[in-house]
Amino acid sequence: NGFDYQHYLETKNISQKINLTQLVDYQEIGVSFKHPIKKVKEYRRGFLVMNRERFLPLTSNYMNALLFGYQENGPDNFQKTWQVLGVAHLFSLSGMHIYFFLVVFDYTILSIGITKERLFRLNLVFIWFLIIMTGAGPGMMRAGIQYAVKKLNRRFTFHLSQLDCWSIALFINCLFDPYVLLTVGGQLTYYLTFLILVIYPLIEKSSHPFKKGLQFNLLLSWLSLPLIWYHFYEWNVLNFVLNLFLGPLLLMVIMPILLASFFLGHLFPWLSFNWLEKSLELFQSAANLAASMKSFQFVTGRFPIGLLFLVI
């Protein structure tokens, strides 16, 4: 039940590996605006490098992960701690994060006097730009496509249900990436979204917002456990509490600060962001302390595939 590297390469459409022994010559070829997707990818790579050079290590890691969907694989990867705590999905760009970017975009566009009628078209263009700029991961692909389908459904009154929009998003995503449901990210994003569609009508009658949020979080966390156990073989009891508070903290505090710091840091190179690095170090230290508490950690082992389907 260890990591299957060959299967991982297959999901990435990699059938062979080449060992480069000598580099004779190379030539840099710029990407023109005739190829917009490649151009956006080029800008994304440039921003990732600029962030590492402009900001301190932990700040740049958080910024690249939460704004551009890039995960470091080295020893400085802060997400390893959150994975131990069972909330790594909150730091992987998905539906929760895409709505943050869309709210900022809508507010900016409406503030400069553009009408809501024109905003609809700009939203559709911005969605695809956002998907590419954030790495086109399974979570962002699902969230972006599903959001676009919902917007079209409301605009042209197709009378599609929430489940219909979810199904269309999955179908379109599979056209782009047939292996999406064979990846951990693909399975988690579509399974969790399906659970949200099932759970939300059950708790919608609750009148108190905090009680509704608590019920929603507990049900979603509990029902997602079988798939988490299957892929990660362990579970942290603190997952319930962290899911309740970390989501709002990321959306209302950390991501706005990171986005503002990104623009200010590149527009005004003389500004210092040591305060942000110190704040994130304290935040990360608290997470490391929680992750070190082994009494909250339970190792389940990998579920047999038949038992997984039975539990779900």
Side-chain angles (χ1 to χ4, degrees), residues 30-51 54-55 59-60 62-70 93-137 139-160 162 164-166 168-169 172 193 209 247-273 275-276:
V31 180
S32 70
F33 285 98
K34 295 179 181 178
H35 305 282
I37 295 178
K38 292 182 179 179
K39 194 65 179 178
V40 173
K41 289 181 178 180
E42 184 182 53
Y43 278 124
R44 178 176 182 263
R45 287 192 295 268
F47 285 136
L48 293 175
V49 174
M50 290 166 61
N51 287 341
R54 174 64 180 88
F55 298 98
T59 302
S60 65
Y62 267 86
M63 197 172 285
N64 287 341
L66 291 175
L67 299 184
F68 296 97
Y70 180 78
L93 294 184
S94 60
M96 181 181 73
H97 306 85
I98 203 170
Y99 284 106
F100 165 77
F101 291 114
L102 286 166
V103 167
V104 173
F105 178 76
D106 289 357
Y107 177 80
T108 305
I109 293 298
L110 293 174
S111 297
I112 61 177
I114 294 179
T115 62
K116 290 186 177 181
E117 288 72 20
R118 293 185 63 187
L119 179 62
F120 169 76
R121 297 179 182 178
L122 292 174
N123 260 331
L124 295 181
V125 175
F126 180 70
I127 282 292
W128 292 107
F129 168 81
L130 191 60
I131 289 173
I132 299 168
M133 183 61 81
T134 53
M140 286 301 285
M141 284 288 290
R142 192 275 311 159
I145 296 172
Q146 191 168 345
Y147 178 84
V149 172
K150 287 181 179 179
K151 292 284 285 187
L152 291 168
N153 181 40
R154 284 196 295 265
R155 181 65 179 268
F156 299 106
T157 59
F158 293 138
H159 303 292
L160 298 174
Q162 294 281 2
D164 291 333
C165 295
W166 178 88
I168 293 171
I172 296 174
T193 311
L249 180 65
L250 281 173
L251 285 180
M252 293 187 289
V253 180
I254 296 178
M255 288 189 68
I257 291 176
L258 289 175
L259 185 62
S261 300
F262 168 77
F263 286 111
L264 292 173
H266 292 297
L267 290 174
F268 306 104
W270 60 86
L271 287 178
S272 173
F273 291 91
W275 61 272
L276 181 56

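All residue numbers in this chain count up from 1 along the given sequence.
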> Measuring from atom CG of Leu152 to atom SG of Cys165, what distance do you get when rounded to the nearest 0.5 angstrom?
9.5 Å
> Given side chains that start at C-beta, do those of Lys41 and Met133 come closer than 4.5 Å, heavy atoms only?
no
> Just distance, no hydrogens or angles: give the donor-acceptor pairs under 3.5 Å from side chains in residues 253-269, sequence neighbours left out.
from, atom 1, to, atom 2, distance (Å)
Ser261, OG, Ile257, O, 2.7
His266, NE2, Asn51, OD1, 2.9

> Taking side chain as C-beta onward, heavy atoms only, is Tyr147 less than 4.5 Å from Asn123?
yes
> How long is the span from the CG atom in Leu276 to the OH atom in Tyr62, to the nearest 0.5 Å?
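Atom-to-atom, Leu276:CG and Tyr62:OH are 10.5 Å apart.
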> Going through the distances and angles, do Phe105 and Leu119 end up as a side chain to side chain contact (heavy atoms under 4.5 Å, CB included)?
CA-CA 10 Å; Phe105 178 76; Leu119 179 62; 4.2 Å; yes
> In Å and rounded to the nearest 0.5 Å, what is the CG to CZ distance from Leu66 to Phe100?
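So the CG of Leu66 and the CZ of Phe100 are separated by 9.5 Å.
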> Let me know which of Ile168, Ile172, Thr193 forms a side-chain contact (heavy atoms from CB on, under 4.5 Å) with Gln146.
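Running side-chain contact (heavy atoms from CB on, under 4.5 Å) over Ile168, Ile172, Thr193 with Gln146 returns exactly one hit, Thr193.
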> A side-chain contact here means heavy atoms from C-beta on lying under 4.5 Å apart; do Thr134 and Phe68 qualify?
no
> Picking from Lys38, Arg45, Arg44, what satisfies side-chain contact (heavy atoms from CB on, under 4.5 Å) with Glu42?
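Between Glu42 and the candidates, side-chain contact (heavy atoms from CB on, under 4.5 Å) is satisfied uniquely by Arg45.
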> For His159, is there any backbone N or O sitting under 3.5 Å from a side-chain donor or acceptor partner on Asn153?
yes
> Taking all non-hydrogen atoms of both residues into account, name the closest pair between Leu110 and Thr115 and its distance.
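Heavy atoms only, the tightest pair is CD2-C, 4.4 Å.
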> Show your reasoning for whether side chain to side chain contact (heavy atoms under 4.5 Å, CB included) applies to Arg54 and Leu271.
CA-CA 10 Å; Arg54 174 64 180 88; Leu271 287 178; 4.0 Å; yes
> For Ile131 versus Met140, what's the shortest heavy-atom pair and its separation?
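It is CG1-O, 3.8 Å.
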> If you round to the nearest 0.5 Å, how far is CE of Met50 from OG of Ser60?
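Taking OG in Ser60 and CE in Met50, the distance rounds to 13.0 Å.
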> Hey, does the Lys NZ or Arg CZ of Lys39 hover above the aromatic six-ring of Tyr43, less than 6.0 Å from the centre and inside 45° of the axis?
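Yes, Lys39 and Tyr43 form such a contact.
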> Going from CG on Leu102 to CD1 on Ile109, what distance comes out if it is rounded to the nearest 0.5 angstrom?
11.5 Å
> Run the numbers on Val40 and Trp128 for side chain to side chain contact (heavy atoms under 4.5 Å, CB included), then give the verdict.
CA-CA 10 Å; Val40 173; Trp128 292 107; over 6 Å; no
> Mind checking whether Phe101 and Leu67 have side chains closer than 4.5 Å, heavy atoms only?
yes
